[in-house]
Visitor: 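Quick one: the structure is below, and I'll ask about it shortly.
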Amino acid sequence: MRIERARGTRDFLPKEMRKRRIMEERMRDIAERWGYEEIRTPTFERAELFTQKSGQAILKEMYEFRDKGDRHLALRPELTAPVIRMYINELKMTPKPTKVYYFGNCFRYEEPQKARYREFWQFGTEIIGSDRPEAQAELIALAFHILKSLGVKAELHVGHVGLIRERLRVLHADEEQINTVMRLMDKGEREAVIESMDERKRDEIGYLLDGLSDLIDSKDKDAFKEARDRNIIASDSNALQELELLLELLEYYGVDYTLNLGIARGLDYYTGMVFEIYEAGGKLGAQNQICGGGSYRLAKLFGGDDIPSTGFAFGVDRLEEIFSVDDKDLERRGVVVVPIRDKDADREVMKAAIEIASRLREFVPTHIDLMNRSLSAQLKYANAHHDSFAVLVGKNELKEAKVTLRNLNTGEQEKISVDDLCDEIKGLF
RNA sequence: GCCGGGGUGUGGUAGAGGCUAUCCCUGGGGACUGUGGAUCCCUAGACCCGGGUUCGAAUCCCGGCCCCGGCCCCA
């Protein structure tokens, strides 16, 4: 009976793995050069970690289960909460800001679609210890830089949940009401937002929402001043000052943005700047969001100090859909050592072949026959494999203490010593 | 959770109630016992699963599984 792959999961064949490896290395490389350090957290955590962050609703889209000790566990649906948990447990005493990055698989029980899987990979970074505009700007610039290195056409939307939260607080809305409003605003449901508020405040919130939507539509920084004049934004708004500084810093970094104050990211824990990046080339259909992030204060929720943080996560699988590399970069050319067996000299030939392969393996992908094949069959294999060179080792070569090096692309071949062989191959790989 | 389109060897396909299921590619071996890519031969390998209708099902019906895409949500 044939066993099917579990729904929403994938097998990665060698060629695809090479592509993913190239992407991964570029992302890692840039994060390292921006001064971030890699960390790794467990694949599963206590389920509360995620319900505390995102609410009970997330249970239905998590792989959660009880272990034999009746612990309530879950495969991680994302990595921000685990990273903050780790920080509180292990990294509290590191100098601030603590800058980390991660690359890991996450699991969500959702309907698979284009570039959406039940097991998927996220690459993300967190700045723990700062949610200041300087941190926000660096983080966004880093995300952009990575996307650029992958050749992704990206569109950045920047918002700030603080603007709206501040205003709602002035209306004496409680946190839960604020969260409800944020979610509805994210969906663009103006009427529902108004209905969710006290009747007494409906006129006020309607005025506020209309003002905010003007602000969103204008996408112009000058609109802030007007909004302030109309009392859409408080005159002493921290959020506004933060946002204005962020936008200025983004210009210094050379990052283009679109103001989008409608972003609430659907998550209650974001407290300040929020951003989303979309793929602009139309290669992803409905699932075109490739990155999301913002400023948040989660640490306190998990029993730590109330430390501000800023982070983002890429959907690596979505990036892979967009990212393209030359096919030739994905081919892994190597050398094949061909023992030419002979009844009289079988063992000597194999010994020599293995020794030569061992030396070549110091610096180049090297094959050696594992199927007791004839000379021509071994060469056929080398060809099918797109290997570049064959090193023929037979009793004729052994007599002269040499090997035959055959260039599989040109068909030229020569007899040379093993030392010369190594030197020549080394120069080519 | 809801909606639409699909599932035939490794991959790509033909097939529309009736012979041993077509073709291309692929794997293994050989023609070729010291020289590959061509050609030829041999060989391996499939109707997603379960039930139903029928003398007879890859084909029609039902359910499930999986894939592709859309809504919602998100990465």
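Labels below follow one simple rule: chain letters A, B, ... track the order of the sequence lines, proteins then strands, and each chain is numbered from 1.
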Visitor: For Arg318(A) and Asn288(A), what are the C-alpha separation, side-chain angles and deciding distance, and is it a side-chain hydrogen bond (donor to acceptor under 3.5 Å, both in side chains)?
Guide: CA-CA 8 Å; Arg318(A) 292 181 183 179; Asn288(A) 68 338; over 6 Å; no
Visitor: What I want to find out is whether Glu38(A) reaches Arg28(A) closely enough, with some N-O distance under 4.0 Å, to be called a salt bridge.
Guide: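 Yes, Glu38(A) and Arg28(A) are salt-bridged.
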Visitor: Not counting sequence neighbours, which residues clear ring pair (Phe, Tyr, Trp, His ring centres under 6.0 Å) with Phe363(A)? List them please.
Guide: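 Partners of Phe363(A) by the ring pair (Phe, Tyr, Trp, His ring centres under 6.0 Å) criterion come out as none, since no residue qualifies.
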Visitor: Less than 4.0 angstrom between a side-chain N/O of Gln289(A) and OP1 or OP2 of A75(B), yes or no?
Guide: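 Gln289(A) to A75(B) OP1/OP2: side-chain N or O found under 4.0 Å.
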Visitor: If you measure from CD1 on Ile416(A) to CD on Glu397(A), what distance do you get to the nearest 0.5 Å?
Guide: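 Ile416(A) atom CD1 to Glu397(A) atom CD measures 11.0 Å (nearest 0.5 Å).
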Visitor: How long is the line joining CZ of Arg118(A) and P of C74(B), in whole Å?
Guide: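 Arg118(A) atom CZ is separated from C74(B) atom P by 18 Å.
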Visitor: Considering only side-chain heavy atoms of Lys114(A), which listed nucleotide, G70(B), A75(B), C67(B), is closest?
Guide: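 In terms of side-chain proximity for Lys114(A), the closest of G70(B), A75(B), C67(B) is G70(B).
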Visitor: Taking only the side-chain heavy atoms of Glu110(A) (C-beta and beyond), determine which of G28(B), C74(B), C73(B) contains the nearest atom.
Guide: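 Comparing G28(B), C74(B), C73(B) against the side chain of Glu110(A), the answer is C73(B).
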Visitor: Any donor-acceptor pair, under 3.5 Å, between the side chain of Arg318(A) and the base of C74(B), if you only look at N and O atoms?
Guide: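 For Arg318(A), whose side chain was compared with the base of C74(B), there is a donor-acceptor pair (under 3.5 Å).
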Visitor: To the nearest angstrom, how far is Tyr278(A) atom OH from A75(B) atom P?
Guide: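 In whole Å, A75(B) P lies 10 Å from Tyr278(A) OH.
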Visitor: Any idea how Phe107(A) and Tyr63(A) line up, ring-wise: parallel (<30°), tilted (30 to 60°), or perpendicular (>60°)?
Guide: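 Correct class here is perpendicular.
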Visitor: To the nearest Å, how far apart are His385(A) NE2 and G27(B) P?
Guide: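 It works out to 10 Å between those atoms.
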Visitor: Are Phe103(A) and Tyr101(A) near enough that their ring centres are under 6.0 Å apart?
Guide: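 Aromatic pair excluded; centres sit 6.0 Å or further apart.
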Visitor: Can you measure Ile277(A) atom CD1 to C74(B) atom P for me and round it to whole angstrom units?
Guide: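 Rounded to the whole Å, the gap is 17 Å.
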Visitor: Taking pairing as Watson-Crick or G-U wobble with both contacts under 3.5 Å, can you name the mate of A44(B), or confirm there isn't one?
Guide: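 Its partner is U26(B) (Watson-Crick or G-U wobble, both distances under 3.5 Å).
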Visitor: Nearest-nucleotide wise, let me know which of Met371(A) and Ala115(A) is further upstream toward the 5' end of RNA chain B.
Guide: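 Closest to the 5' end, via its nearest nucleotide, is Met371(A).
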Visitor: Would you mind building the protein contact string for nucleotides 34-50 of chain B? One character per nucleotide, 5' to 3', B for base within reach (heavy atoms under 4.0 Å), S for sugar-phosphate only, - for untouched.
Guide: BBBB-------------
Visitor: Between Phe50(A) (CZ) and C73(B) (C1'), how many Å, whole number?
Guide: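 These atoms are roughly 18 Å apart.
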Visitor: Would you indicate, yes or no, if C74(B) has its OP1 or OP2 atom less than 4.0 angstrom from a side-chain nitrogen or oxygen of Arg116(A)?
Guide: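 No.
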Visitor: Taking the same atom, C1', in G6(B) and in C41(B), what whole-Å distance lies between them?
Guide: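 Their C1' atoms lie roughly 38 Å apart.
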Visitor: Which base, if any, makes a Watson-Crick or G-U wobble pair with U10(B), both distances under 3.5 Å?
Guide: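 With both distances under 3.5 Å required, U10(B) matches none.
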Visitor: Taking any heavy-atom pair under 4.0 Å as a contact, classify Ala384(A): base, sugar-phosphate, or nothing.
Guide: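 Answer is nothing: Ala384(A) stays at 4.0 Å or more from every strand.
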Visitor: Could you tell me how far G56(B) sits from G51(B) if I compare only their P atoms? Round to whole Å.
Guide: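 Straight-line distance between the two P atoms is 15 Å.
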Visitor: Is the phosphate of G28(B), meaning OP1 or OP2, less than 4.0 Å from a side-chain N or O of Arg373(A)?
Guide: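 Yes, Arg373(A) has a side-chain N/O under 4.0 Å of OP1/OP2 on G28(B).
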Visitor: Let's see if you can work this out: which of C74(B), C2(B), C66(B) has an atom nearest to the side-chain heavy atoms of Glu111(A)?
Guide: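 The closest nucleotide is C2(B).
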Visitor: Checking base pairs now: Watson-Crick or wobble, both atom distances under 3.5 Å. What partners U39(B)?
Guide: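 Here U39(B) is engaged in a pair, and the nucleotide opposite it is A31(B).
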Visitor: Hunt down the Watson-Crick or G-U wobble partner of A58(B), both distances under 3.5 Å, from any strand shown, or write none.
Guide: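 Paired with no nucleotide.
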Visitor: Looking at every strand, decide which applies to Tyr117(A) at a 4.0 Å heavy-atom threshold: base, sugar-phosphate, or nothing.
Guide: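 Tyr117(A): base contact, heavy atoms under 4.0 Å.
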Visitor: Within the side chain of His385(A), is there an N or O that forms a donor-acceptor pair under 3.5 Å with the backbone of Asp387(A)?
Guide: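 Between the backbone of Asp387(A) and the side chain of His385(A) there is no qualifying donor-acceptor contact (under 3.5 Å).
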Visitor: Please report, rounded to the nearest Å, how far the P atom of U10(B) is from the CZ atom of Arg5(A).
Guide: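 From Arg5(A) CZ to U10(B) P: 14 Å.
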Visitor: Strictly under 6.0 Å, is that where the ring centroids of Tyr102(A) and Phe123(A) end up?
Guide: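 That pair fails the under 6.0 Å test.
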Visitor: If I pick the C1' atom on G18(B) and the same atom on C60(B), what distance separates them, to the nearest angstrom?
Guide: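 Nearest-Å result for C60(B) against G18(B) at atom C1': 15 Å.
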Visitor: Nearest whole angstrom, please: distance from the P of C2(B) to the NZ of Lys60(A).
Guide: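 My rounded result for the distance is 13 Å.
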Visitor: Are the aromatic rings of His157(A) and Tyr278(A) close, with centres under 6.0 Å apart?
Guide: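 Ring centres of Tyr278(A) and His157(A) closer than 6.0 Å.
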Visitor: Can you tell me, in whole Å, how much space there is between the C1' of C65(B) and that of C48(B)?
Guide: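 It works out to 7 Å between them.
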Visitor: Between C72(B) and G15(B), how far apart are the two P atoms, rounded to whole Å?
Guide: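 That atom pair is separated by 38 Å.
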Visitor: Which one is paired to G1(B), where only Watson-Crick or G-U wobble pairs with both distances under 3.5 angstrom count?
Guide: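 Matched G1(B) with C71(B) under the 3.5 Å cut-off.
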Visitor: Using the C1' atom on both, measure G9(B) against U53(B) and round to a whole Å.
Guide: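 The answer is 29 Å between these two C1' atoms.
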Visitor: Expressed in angstrom and rounded to an integer, what is the separation of Asp11(A) atom CG from U10(B) atom P?
Guide: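 Interatomic distance, CG of Asp11(A) to P of U10(B): 14 Å.
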Visitor: If I pick the C1' atom on U13(B) and the same atom on U8(B), what distance separates them, to the nearest angstrom?
Guide: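 The answer is 9 Å between these two C1' atoms.
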Visitor: Tell me which of Pro112(A) and Gly315(A) sits closer to the 5' end of RNA chain B, going by the nucleotide each one is nearest to.
Guide: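 On the 5' side of the pair lies Pro112(A).
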Visitor: If you measure from the P atom in C49(B) to the same atom in G7(B), how many Å do you get, rounded?
Guide: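 Rounded to whole Å, the distance is 14 Å.
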Visitor: Side-chain contact, heavy-atom cut-off 4.5 Å: Arg7(A) with Pro112(A)?
Guide: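 Yes - at least one pair of side-chain heavy atoms lies under 4.5 Å apart.
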